[in-house]
Student: 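Take a look at the following structure, please.
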Amino acid sequence: MFALVDCNNFYVSCERRFNPKLKGRPVVVLSNNDGCAVSRSNEAKALGIEMAAPIFKFKDIVKKHGVVCLSSNYALYGDISRRIMSLFERWTPDVEVYSIDEAFLRFNGKRSESGLEQIAKEIRSTVLQWTGIPVSVGMGITKTLAKAGSKLAKKSESGVMVLAPDKENASHLESLKVEDVWGIGRQYARWLNNHGIHTAIDFRNADEQFIRQKMTVVGHRTLLELRGIECITMELNPPNKKTLCHARSFGRLLESKDEVRESLALYTELAAAKLRGECLVAQSVCVFLETNPFRTQDPQYRPSKTVEFPVPTNITPEILKYALAAFDLIFRPGYKYKKAGILLLELVPEDQAQAELFDNVNRDQANRLMTAMDGINKKHGRETLGFSAGRIRDGWQPKFENRTANYTTSWNGLLVVSS
DNA sequence: TCTGGGGTCCTAGGACCC
DNA sequence: TCTGGGGTCCTAGGACCC
């Protein structure tokens with residue numbers, strides 16, 4: 001039996017945990033650069049603010065109803081997430097952290113429906129009491145059914161939904177729209193609707209070959225999982241990443257080469273630090289720039305350039321050298337740039353990297369320097385010590401106009417309680 | 001005025017190998 | 001006139017997830 005535990009309106013719930021005045025009010029948390037609504041309280045959903053919608057489109061509603069718009073605070077959400085995830089081992093050792101606000105749990109052995117429901121309720125009440133975050137719990141004999149259960153749980157009074165192992169569950173699956181099935185996105189949902197498939201039960205009963213032809217083996221698996229045939233297994237040891245990306249929109253449109261170059265240098269530094277944090281090295285790097293596609297009156301340019309490293313590396317100055325060389329090749333004046341980014345590609349574990357006979361970089365020395373830098377930045381904040389290429393000017397940073405404090409990860413952010 | 005960021009997987013088709 | 005069979009690797013594009 002699988003359970004899927006999903007935090008309700010996670011980012012908003014984290015903010016409310018530290019600011020009780022937000023309870024009962026419409027609240028949204030915005031994406032980077034204060035662009036889109038990525039988490040909404042139930043009150044904000046009720047006002048019609050859509051998921052991932054640019055918030056300026058709702059400025060009238062925001063004003064009229066006093067919607068609280070907060071910048072995202074990933075240091076806070078990441079820390080709360082870790083605390084929640086660490087609780088699940090109380091119920092089972094088989095835990096897969098699926099995203100910042102979701103985890104799969106697996107329960108072996110036979111249990112009755114009421115026994116399962118008891119566990120689900122216990123998980124819910126414990127997480128709420130110990131962390132202050134409300135969660136929904138869905139259960140089923142496959143991951144896809146557990147996911148379906150959690151969708152249905154959100155609408156239920158108890159916040160839990162068990163799709164019993166020995167039952168058809170047809171009535172439950174009938175009330176789930178096909179686009180709410182895990183693995184079915186907008187494109188497939190539209191196509192399925194056109195073929196008369198509207199609910200999870202329609203999809204479950206559809207012809208396997210017909211589905212496979214259009215939706216490939218992936219869609220076929222989803223169908224079988226809804227029928228209770230396990231095709232998607234638990235990932236108890238998360239596989240290493242294959243790519244790593246750091247990209248940001250700018251706080252304003254940039255035209256000067258120096259400014260775009262500086263942003264890219266900083267993103268490169270941060271990406272390299274992430275890479276070292278995961279004990280990986282990259283074999284190549286891709287640099288890309290973007291103009292603003294929504295400004296159709298402006299000329300558009302979206303170049304990218306990939307270069308191979310002579311030796312797999314995670315050393316910042318070495319990566320910077322190649323990334324900035326790639327940048328110099330693709331940058332063209334005369335455009336208004338909105339975004340820049342770097343992808344580190346073909347990642348492999350540090351200790352499995354292929355060495356190069358004619359390597360002329362002193363890697364021991366460079367690695368010691370990186371370890372020292374990472375240590376200092378870990379202790380005093382991630383931008384304490386860095387390379388000058390990314391830190392000369394300041395005017396291009398993304399907007400975070402209404403960001404709350406790092407209540408749980410920084411002494412300066414500690415909540416002050418006054419009488 | 002204002003539109004996020006980070007990932008994965010699958011397939012088809014072409015190049016190339018023996 | 002008749003023109004094999006089996007395989008790998010790479011890339012672009014499209015779908016999905018949060």
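Labels below follow one simple rule: chain letters A, B, ... track the order of the sequence lines, proteins then strands, and each chain is numbered from 1.
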Student: What is the distance from CD of A/E290 to C1' of B/dG4, rounded to the nearest Å?
Tutor: 11 Å
Student: Would you please indicate if the ring centroids of A/Y11 and A/Y74 are separated by under 6.0 Å?
Tutor: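 Centroid separation for A/Y11 and A/Y74: below 6.0 Å.
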Student: With a 4.0 Å limit, can you tell me whether A/N33 has a side-chain N or O closer than that to the phosphate oxygens OP1/OP2 of B/dC2?
Tutor: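 No, A/N33 has no side-chain N/O under 4.0 Å of OP1/OP2 on B/dC2.
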Student: Under 4.0 Å, heavy atoms only, any strand: does A/R252 hit a base, just the sugar-phosphate, or nothing?
Tutor: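 A/R252: no heavy atom of the nucleic acid under 4.0 Å.
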Student: Report which part of the nucleic acid A/S72 touches: base, sugar-phosphate, or nothing (heavy-atom distance under 4.0 Å, all strands).
Tutor: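 The residue A/S72 makes no contact with any strand.
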Student: Does OP1 or OP2 of B/dT11 have a side-chain N or O of A/K214 closer than 4.0 Å?
Tutor: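 For A/K214, the contact criterion (side-chain N or O under 4.0 Å from OP1 or OP2 of B/dT11) is not met.
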Student: Using the C1' atoms only, state how far B/dC17 lies from C/dG4, rounded to an integer number of Å.
Tutor: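 It works out to 15 Å between them.
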Student: To the nearest angstrom, how far is A/H220 atom NE2 from B/dC9 atom C1'?
Tutor: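 Atom-to-atom, A/H220 to B/dC9, this comes out as 17 Å.
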Student: Give a yes/no answer on whether the side chain of A/R221 brings an N or O atom under 4.0 Å of OP1 or OP2 in B/dC10.
Tutor: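 Yes, such a contact exists.
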Student: What is the distance from CD of A/E50 to P of B/dT3, rounded to the nearest Å?
Tutor: 17 Å
Student: With a non-hydrogen cut-off below 4.0 angstrom, is A/L244 in contact with a base, only sugar-phosphate, or nothing?
Tutor: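 A/L244: backbone/sugar contact only, no base atoms under 4.0 Å.
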Student: Can you work out whether A/F294 or A/R212 has the more 5'-proximal nearest nucleotide on DNA chain B?
Tutor: A/F294
Student: Send over the distance from A/H246 NE2 to B/dG5 P, rounded to a whole Å.
Tutor: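 Between P of B/dG5 and NE2 of A/H246: 9 Å.
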Student: Does the side chain of A/K339 get closer than 4.0 angstrom to OP1 or OP2 of B/dG5 through an N or O atom?
Tutor: yes
Student: Would you mind classifying the nucleic acid contact of A/K242 as base, sugar-phosphate or nothing, using non-hydrogen atoms under 4.0 angstrom?
Tutor: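 If one applies the 4.0 Å heavy-atom cut-off, A/K242 turns out to touch the sugar-phosphate alone, with no base involved.
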Student: Atom CG of A/L343 and atom P of C/dA12: how far apart are they, to the nearest Å?
Tutor: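 Result: 13 Å.
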Student: Side chain of A/V217 only, please: which of B/dT1, B/dT11, B/dT3 is the nearest?
Tutor: B/dT11
Student: Looking at A/F250, I'd like to know if the NZ or CZ of A/R252 sits under 6.0 Å from its six-membered ring centre while staying within 45 degrees of the ring's axis.
Tutor: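 Not satisfied by the 6.0 Å and 45° rule.
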Student: Tell me: CG of A/D101 to C1' of C/dC17, nearest whole Å?
Tutor: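 It works out to 12 Å between those atoms.
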Student: Taking A/K241 first and then A/E278, would you say they form a salt bridge - that is, a charged N and a carboxylate O separated by under 4.0 Å?
Tutor: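 The answer is yes: the pair qualifies as a salt bridge.
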Student: Specify the separation, in whole Å, of atom CZ of A/R302 and atom P of B/dT3.
Tutor: 14 Å
Student: Let me spell it out: for each of A/C245 and A/K399, pick the nucleotide of DNA chain B with the closest heavy atom. Which residue's pick is nearer the 5' end?
Tutor: A/K399
Student: Do the side-chain N or O atoms of A/S249 get closer than 4.0 angstrom to the phosphate oxygens (OP1, OP2) of B/dT3?
Tutor: no
Student: Tell me whether the centres of the aromatic rings in A/F210 and A/W191 are closer together than 6.0 Å.
Tutor: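 That pair passes the under 6.0 Å test.
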Student: Does the side chain of A/K241 get closer than 4.0 angstrom to OP1 or OP2 of B/dT8 through an N or O atom?
Tutor: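 It does not, given that no N or O in the side chain of A/K241 lies less than 4.0 Å from OP1 or OP2 of B/dT8.
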Student: Under 4.0 Å from OP1 or OP2 of C/dA15: is there any side-chain N or O of A/T216 that close?
Tutor: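 Indeed not, no polar side-chain atom of A/T216 lies that close.
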Student: Could you work out which one of B/dC2, B/dT3, B/dG6 sits closest to the side chain of A/P54?
Tutor: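 Within the option list, the nearest is B/dT3.
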Student: Please list, by residue number, the residues of residues 180-198 of chain A whose heavy atoms come closer than 4.0 Å to an atom of DNA chain C; answer none if no residue qualifies.
Tutor: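 The answer is A/V181, A/W182, A/G183, A/I184, A/G185, A/R186, A/Q187, A/Y188.
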Student: Would you mind reading off the distance between A/E401 atom CD and B/dT1 atom C1', rounded to a whole angstrom?
Tutor: 12 Å
Student: Determine the sole option in A/Y337, A/Y301, A/F288 for which the ring pair (Phe, Tyr, Trp, His ring centres under 6.0 Å) test with A/F331 is passed.
Tutor: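 Option passing the ring pair (Phe, Tyr, Trp, His ring centres under 6.0 Å) with A/F331: A/Y337.
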Student: Would you indicate which nucleotide in C/dC18, B/dC2, B/dG6 comes nearest to any side-chain atom of A/K147?
Tutor: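 Looking only at heavy atoms from C-beta outward on A/K147, the closest nucleotide is C/dC18.
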Student: From C-beta outward on A/V218, which listed nucleotide comes closest to its side chain: B/dG5, B/dG7, B/dC10?
Tutor: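 The nucleotide sitting nearest to the side chain is B/dC10.
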Student: Within the distance-only criterion (no hydrogens, no angle test), does the side chain of A/N314 pair as donor or acceptor with the backbone N or O of A/L280 below 3.5 angstrom?
Tutor: yes
Student: Is there a donor-acceptor contact under 3.5 Å linking the side chains of A/E15 and A/Y77?
Tutor: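 Side chains of A/E15 and A/Y77: pair found under 3.5 Å.
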Student: Hey, would you say the A/Y98 and A/F104 ring centroids sit under 6.0 Å apart?
Tutor: yes
Student: A/R302 vs A/E290, test: salt bridge (Lys or Arg N to Asp or Glu O under 4.0 Å). Steps then yes/no.
Tutor: CA-CA 5 Å; A/R302 310 185 56 161; A/E290 288 177 16; 3.0 Å; yes
